[in-house]
Amino acid sequence: DSGVTQTPKHLITATGQRVTLRCSPRSGDLSVYWYQQSLDQGLQFLIQYYNGEERAKGNILERFSAQQFPDLHSELNLSSLELGDSALYFCASSGTTGQGAVGANVLTFGAGSRLTVL
Amino acid sequence: EDQVTQSPEALRLQEGESSSLNCSYTVSGLRGLFWYRQDPGKGPEFLFTLYSAGEEKEKERLKATLTKKESFLHITAPKPEDSATYLCAFPENQAGTALIFGKGTTLSVSS
């Protein structure tokens, strides 16, 4: 158990629908990251939040959005789902403040949420 | 564009047959080269961080090395439990601390 909790573990839905994935970071970690992993694209960085604020953005589609709440848990919202959105979605957390900090970039990943869009 | 390229994509070894995985990088101002292990259906697990050319780190049968252009993950006398996908990554260049991952090398070790 990495300490990063993701729910749900599995989710099956239809095209055009909207889903929400939830992540609770390790105790004490202020940063949350979202990644998408598909067979052809590998592990793609979507977005990072630090202590409630967006810190960095990767290849996140406009149909996707995320937020981090005051209790530091995060949610990734996926809307107008397409077949190609089927993937494993990972959340990771870290306790560092920024670039150059000791231990920076050592991310701890959760077990993932597997999304299937039919 | 900053990127890492991993090779081979897949590697099959017999138990005890040592080999190396490669991660070549073109990253300006590299702030660390990271290695992660990922088992099927699970999240990646941190292995090593290397910061400067010539640096080496070891953990059990794994040793990671770094040059100015590439990193190697050497696996000595592998066991079936070493079977996994090994990912290398580098820090993104925005204000955050996210990692950008390569596509990985899938290692299969048979007994």
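The sequence lines fix the lettering, A, B, ..., with proteins before strands; numbering per chain opens at 1. All values derive from a computational prediction rather than experimental measurement.
Summarising the local packing, NZ of K9(A) is surrounded by 12 or fewer heavy atoms from other residues, nucleotides or ligands at distances under 6.0 Å. Residue E62(A) qualifies as open at atom CD: its count of foreign heavy atoms under 6.0 Å is 12 or below. More than 12 heavy atoms of other residues, nucleotides or ligands shown are found within 6.0 angstrom of CZ on R61(B). Counting heavy-atom neighbours within 6.0 Å of L83(A) CG, excluding the residue itself, gives a total above 12.
In this structure, F45(A) CZ and E92(B) CD are separated by 5.5 Å, a value rounded to the nearest 0.5 Å. For the atom pair OH (Y36(B)) and CG (L107(A)), the distance works out to 4.5 Å, reported to the nearest 0.5 Å. If you take CD on Q37(A) and OG1 on T85(B), they are separated by 8.0 Å, rounding to the nearest 0.5 Å. Expressed to the nearest 0.5 Å, how far CZ of R55(A) lies from OG1 of T97(B) amounts to 7.0 Å. Atom-to-atom distance recorded for L43(A):CG and K103(B):NZ is 12.0 Å, nearest 0.5 angstrom.
With a 4.5 Å cut-off on non-hydrogen atoms, N59(A) does not touch chain B at all. Heavy atoms of Q38(B) lying under 4.5 Å from chain A belong exclusively to its side chain.
Both V117(A) and L11(A) belong to a single network of hydrophobic side chains, linked directly or stepwise wherever heavy atoms of I, L, V, M, F, W or Y lie under 4.5 Å apart. A single hydrophobic cluster is seen to contain both I100(B) and V106(A), as judged by linkage of ILVMFWY side chains at heavy-atom distances under 4.5 Å, directly or through other members. Cluster membership check: L81(A) does not share its hydrophobic cluster with I12(A), using side-chain heavy-atom separations under 4.5 Å among Ile, Leu, Val, Met, Phe, Trp and Tyr. Under a hydrophobic clustering in which Ile, Leu, Val, Met, Phe, Trp and Tyr are joined whenever their side-chain heavy atoms come within less than 4.5 Å, directly or via other members, F109(A) and V4(A) fall into different clusters.
Residues F90(A) and K42(B) share a closest heavy-atom pair of CZ-O, 3.4 Å.
Remark: the backbone N or O of L99(B) is not paired with any side-chain donor or acceptor of Y33(A) at under 3.5 angstrom.
When ring centroids are compared, Y35(A) and F101(B) come within the 6.0 Å threshold.
No other option in G104(B), P44(B), G102(B) has as many heavy-atom pairs under 4.5 Å with chain A as P44(B).
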